[in-house]
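Read the numbers this way: they start at 1 and go in the same order the structure lists the ligands and their atoms.
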Amino acid sequence: MNRLVVVSNRVTIPSAGAKAGGLAVALNELMERQGGLWFGWSGRASDDAASTSKPAIVDHGSVQYATVDLTHEEYRRYYTDFSNGTLWPLMHSLTEQMHFDRRSLAAYRAVNERLSDILLPLLRPDDAIWIHDYHLLAMPAALRARGVTAPIGFFLHTPFPSPDILSSVPDAAVIIRDLLSADLIGFQTANDAENFAASAHRIAGATRLPGGSLRIAGRDIRVGAFPVEIDPQEFARTAETASHNSDTQRLRRSLDGQSLILGVDRMDPTKGLRHRLAGYRRLLETRPALRRAMTFVQIAAESRQEVDNYQYLREDLDRMSGSINSTFGEADWLPLRLTARGGSRDTIAGYMREARIGLVTPLRDGMNLVAKEYVAAQNPDDPGVLILSKFAGAARQLGAALLVNPVDADEIADALDNALRMSRPERQDRWMALWETIKDTSALGWGRSFVNALADSGESQGGRVQRPGDLSPATFPNVGSKAADRRGAELRLVPPTSLSVN
Ligand code: G6P
């Protein structure tokens, strides 16, 4: 069984007291079973050469965590400017929010290569490597250029845009070709996988094969949808327990019988928060009778404040919420409570169970696990109503929610009105349909399905995945070759064994 090496920008090291979310737990569990290494950024910026070049290693059971600091310059160029200022809006098709600076792209690629250099000595010949998310799109090519022959899987947690949108960023072809050094490329939905395959064909010249795979430089790359799941049963238990805790009781008392509308998001321009507040405002304007019967609590946890668009969003939301409260609020009732502070997983689960409406209206979202958590948190005897953007990946599975266009204030207002008035039998019917969709899924099942598919793609390449010569630096001029020359020999000789995590 191959050791599983997970690579992601952020690394979740289990620690006493902190309760990690389902994905981190699932990845840990997968790694525990077969031995694992989790490698990535420490979350710190430093100009100390030792901490930026030598990984800090923490052992936890059979899993090793290896993290390095970024330099301040790398933090600014790679993380803030290119990952979050260019790629994040691009992946969400929000090109008007996208900045582009060639120097940041170069820094992004350089960090992907530097991380590959640091990872290389930690790798073993029998590893299977699973790289996560948009920060590390160049890493499959960087590892191959350094002679790594292990199976490489890549999973994108965000949506993937259409070829036209993608080509709005210069050098889109290079980014796609870098990714095509992986053996398996996974997306949240079939739509994202299709967008990628179409882009790889049109922009990078890959051949589309029957069954969804791609071929380039004599190699086949499997492309597929692997929708991320939560642990619904566990979340349901957490929410039930939390509904008796002091945080939930305090919230319940403060509502004094009003219906709770709840939004839980990072404060991020993709989450549709401006439009959501506009929709709520429309409801207050057009349905005065509802005014004192409800309270909207929007948790918008502060995020990525170094990026200009996130600061503007914060300012806009402060202004819009102030205006809603001063226009419609009264001495003893405020329509909206907006907070930029997040809450613990337990607290949020308790709030979700309390909420008559879960309002989840991203402009676009890879999946949106809040939507699934809201469903899991409900009391089956008296469930709330999920209002969900039709542009969230989760909408593909959660069609029994009230689906809305997140930019249409009237549609949001109508859905809120409908949900507030919805009879208990209809709420139960809708909730049951949603619960049936998710109840047998798990985060671990998601991880397993990806890792098994990675094993299959390794095998379908004849027991070895990559000849380093196939993707030489001549094919990918931006990827350096020195380390490949140094390290290639010892790694390329060993055929990868098959993966199995059942
Ligand atoms: C999204 C991304 C993750 C990222 C998270 C938090 O969910 O897909 O990769 O870690 O946002 O963002 P941050 O910039 O704080 O890591």
**Study point:** D178 side chain reached by V174 side chain, heavy atoms, under 4.5 Å
**Key:** yes
Check your understanding: Are L120 and I118 close enough that some pair of their side-chain heavy atoms sits under 4.5 Å apart?
Key ->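 Side chain of L120 against side chain of I118, heavy atoms only: no contact under 4.5 Å found.
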Exercise for review: Step through it carefully: locate the ring centre of F187, locate the ring centre of F196, and say whether they are under 6.0 Å apart.
Suggested key: yes
Practice item. Please check if the distance between the ring centroids of Y134 and W88 is under 6.0 Å. Key: yes
[X] versus ligand 1: do any nitrogen or oxygen atoms come within less than 3.5 Å of each other?
X	value
H157	no
Y134	no
D133	yes

Study note, to complete from the structure: Candidates W41, W88, Y310; heavy atom nearest atom 1 (C) of ligand 1 found on W88
Point to revise | Distance-only donor-acceptor check, side chains T248 and N245, under 3.5 Å | key: yes
Check your understanding: With a 3.5 Å cut-off and no angle check, do the side chains of W41 and T67 form a donor-acceptor pair?
Key -> no
Protein heavy-atom partner closest to [atom] - residue, atom, separation in Å:
atom	result
atom 5 (C) of ligand 1	R304 NH2, 3.8 Å
atom 10 (O) of ligand 1	R10 CD, 4.2 Å
atom 14 (O) of ligand 1	Y79 OH, 2.5 Å

Check your understanding: Distance under 6.0 Å and angle within 45° of the ring axis: does R430 meet both against W435?
Key -> no
Check your understanding: Which ligand 1 atoms, with their elements, are less than 4.0 angstrom from a heavy-atom of H135?
Key ->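 Taking each heavy atom of H135 in turn, ligand 1 has 9 (O) under 4.0 Å.
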Point to revise | Contact check, R266 vs ligand 1, heavy-atom distance below 4.0 Å | key: yes
